[in-house]
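Inspection log for the structure reproduced underneath, given as structure tokens.
The sequence lines fix the lettering, A, B, ..., with proteins before strands; numbering per chain opens at 1. Just so you know, these numbers use all the heavy atoms, side chains as well, and skip hydrogens, waters and symmetry mates.
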Amino acid sequence: MVAKSKNSISKKSSYKIKNKNPLQAKQQSKKNKLKTYILMSKEITSRAQDYSQWYNDLVLKGGLADYSAGRGCMVIKPYGYALWENMQAQLDKMFKETGHENAYFPLFVPKSLFEAEEKNAEGFAKECAVVTHYRLKSDPDNKGKLMVDPEAKLEEELIVRPTSEAIIWNTYKGWIQSYRDLPLLINQWANVVRWEMRTRLFLRTAEFLWQEGHTAHATKKEAVAETELILGIYAEFAETFMATPVIKGLKTANERFAGAEETYCIEAMMQDGKALQAGTSHFLGQNFAKAFDVKFTDKENKLDYVWASSWGVSTRLIGALVMAHSDDEGLVLPPKLAPIQVVIVPIFKGEEQKQLIDKKVTVLLQHLKLAGVKVKYDDNDNNRPGWKFAEYEMKGVPVRIAIGARDLANNVVEVARRDTKEKMSMCIDGLAENIIKLLEDIQVAIYEKARLFRDEHITKADSWDEFVQLLDGKAGFISAHWDGTPQTEEKIKDLAKATIRCIPLNNKQEEGNCILTGAASTQRVLFARAY
RNA sequence: CGGGAUGUAGCGUAGCCCGGUUAUCGCGCCUGGUUUGGGACCAGGAGGUCGCAAGUUCGAAUCUUGCCAUCCCGACCA
């Protein structure tokens with residue numbers, strides 16, 4: 001019943017809430033009616049009204065992605081892809097700076113390889129797309145239609161990779177013989193497929209883009225160090241570039257990657273207080289080396305299995321970015337990743353004014369581009385300034401510059417920042433420097449805003465009652481004692497729908513009692529409902 | 001995948017309960033003109049096999065079944 005009524009609101013919400021009463025709207029004067037509809041067609045569902053719908057509206061109306069014909073699949077549109085490319089470029093740089101190289105491994109994994117590491121195979125088995133045939137033919141019973149040719153059945157099924165450990169470790173076997181071949185530090189940018197039950201744009205799609213690093217080391221110590229190094233890179237990327245504060249931590253055994261000895265993660269908090277795992281780095285021990293028989297000879301001529309790590313972040317980061325900063329007017333993108341950092345909108349009456357503005361803008365564009373600023377001059381005459389203002393706010397462009405005849409006369413421009421919606425007048429002389437400074441300020445400001453929100457929404461709970469009350473009463477993470485057993489974690493998950501997001505690294509040790517069982521505990525862990 | 005809801009032009013929708021000429025309205029789009037400091041206006045125009053597929057019927061957007069997609073609640077998960 002609850003679901004039913006909620007749904008009807010969400011489906012018709014933009015109409016009902018914005019117009020209060022459809023009949024009334026229809027009876028308005030023609031002019032008013034037009035205005036109402038204009039607002040309607042462009043407006044975004046508010047966060048308070050329906051958080052999920054708000055998210056979808058941002059992604060779709062912000063021009064990041066579209067639904068596609070395939071179940072759970074999406075099209076990443078140019079604006080969204082540009083965002084991804086910016087993320088990629090930065091991460092790729094960070095990986096290469098720390099000695100990693102890119103390579104590419106196949107999409108298809110023979111089933112016999114896939115099942116070699118048992119835990120990993122089991123963990124992903126339920127969500128694998130499987131290629132069983134390699135040919136279609138005309139359907140004799142159904143003119144113009146195709147059918148799978150039963151004659152073209154594969155001897156061995158091919159698994160569409162949900163992750164590439166299997167195919168990569170099978171390859172590494174041939175690449176590694178000596179300690180001199182180590183460490184092997186490889187990353188690949190790829191797509192993977194996970195047949196998810198329920199998908200959501202960017203957050204969980206059947207196919208997604210990601211990078212996956214797979215490294216091999218001579219010692220456990222090195223492999224752990226690599227795992228932690230990458231976690232640090234992920235955290236730095238999230239905080240410095242995405243302006244999204246994250247908590248570094250360890251997953252519990254229940255939440256660990258299938259086949260890993262230890263899973264490190266960064267957890268971000270969304271504006272609804274839910275947790276989003278933004279990246280993971282796994283210490284794989286010798287599990288894959290043993291499964292794929294990857295041995296090396298060390299300096300003492302002893303034969304041993306290599307130690308491994310794997311790590312990845314995906315286009316899910318775009319979802320995190322959208323939810324972390326955006327507001328009811330649209331996207332708010334951090335300057336360091338925004339496809340367009342500055343948009344310039346001319347305001348003019350007649351060609352003469354336009355030419356004067358063009359002249360000023362040309363110089364400004366030069367200065368900004370030289371300084372590496374991604375700037376767009378939107379002098380498209382199809383839309384009026386007001387339309388453009390709203391459009392670029394929707395798209396989350398960090399800084400907007402409006403320049404008209406009035407400004408030229410005063411040698412100023414109007415500068416508006418997306419994050420605070422604040423407008424200010426700036427002198428044209430030295431404008432580029434001030435804009436660059438402003439972009440930096442915005443980057444810091446949205447990070448600080450998100451951090452403040454995050455910190456205000458981590459609450460301690462010291463009893464089960466408190467825990468349950470907080471979960472339903474206040475959005476965010478809950479810091480609480482846990483007895484350390486998977487059974488208790490499972491029980492809490494069943495009872496409260498909250499999971500342990502992580503055991504924070506460098507966690508403060510303190511005596512306490514498990515909120516569920518009362519058993520002794522030495523530290524608090526972070527609980528939350530998660531995406 | 002289980003429970004619930006929805007699907008009509010690019011978008012938002014009326015009509016559906018109670019089957020019956022040419023499917024409603026707005027935005028957007030195209031052409032021409034006037035405009036341009038917060039989603040412009042006038043005139044003219046194009047755009048739909050009513051999500052898809054079967055079925056019932058003389059006749060289906062409307063009734064029935066199946067499928068697909070989306071949303072909400074679960075389970076699963078980056």
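- Residue contacts for A:Thr199: at a heavy-atom cut-off of 4.0 Å it reaches the sugar-phosphate backbone alone, with no base atom in range.
- Donor-acceptor pairing under 3.5 Å is lacking for the side chains of A:Ser310 and A:His282.
- A sub-4.0 Å separation between OP1 or OP2 of B:G74 and a side-chain N or O of A:Lys497 is present.
- Between A:Thr315 and B:A78 there is no side-chain polar atom (N or O) within less than 4.0 angstrom of OP1 or OP2.
- A:Glu393 contributes a side-chain N or O that forms a donor-acceptor pair with the base of B:G38 under 3.5 Å.
- Between A:Arg384 and the phosphate of B:G37, there is a side-chain N or O to OP1/OP2 separation shorter than 4.0 Å.
- Across all strands, A:Gly72 comes closer than 4.0 Å only to sugar-phosphate atoms, never to a base (heavy-atom distances).
- Between the side chain of A:Lys349 and the base of B:G37 there is no donor-acceptor pair of N/O atoms closer than 3.5 Å.
- One N or O on the side chain of A:Arg161 and one on the backbone of A:Phe105 form a donor-acceptor pair closer than 3.5 Å.
- Counting only distance, with no hydrogens or angles, the side chain of A:Glu212 and the backbone of A:Trp189 share no donor-acceptor pair below 3.5 Å.
- The residue A:Ala278 sits apart from the nucleic acid: no heavy atom pair falls under 4.0 Å.
- Residue A:Glu267 contributes atom CD, which lies 12 Å from atom C1' of B:C77 at whole-angstrom precision.
- At a threshold of 4.0 angstrom between heavy atoms, the contacts of A:Asp407 include nucleobase atoms, whether or not backbone atoms are also involved.
- Look at A:Lys111 and A:Glu115 and you find a salt bridge, because one of the NZ, NE, NH1 or NH2 atoms lies within 4.0 Å of a carboxylate O, short of that distance.
- Side-chain N/O atoms of A:Asn56 include one lying less than 4.0 angstrom from OP1 or OP2 on B:C71.
- Sequence order on RNA chain B of the closest nucleotides to A:Lys423 and A:Ala530 puts A:Lys423 first from the 5' end.
- Heavy-atom distances to RNA chain B give each of A:Tyr67 and A:Leu276 a nearest nucleotide, and the one nearer the 5′ end belongs to A:Tyr67.
- Regarding contacts with the backbone of B:C76, a side-chain N or O of A:Lys493 is found under 4.0 angstrom from either OP1 or OP2.
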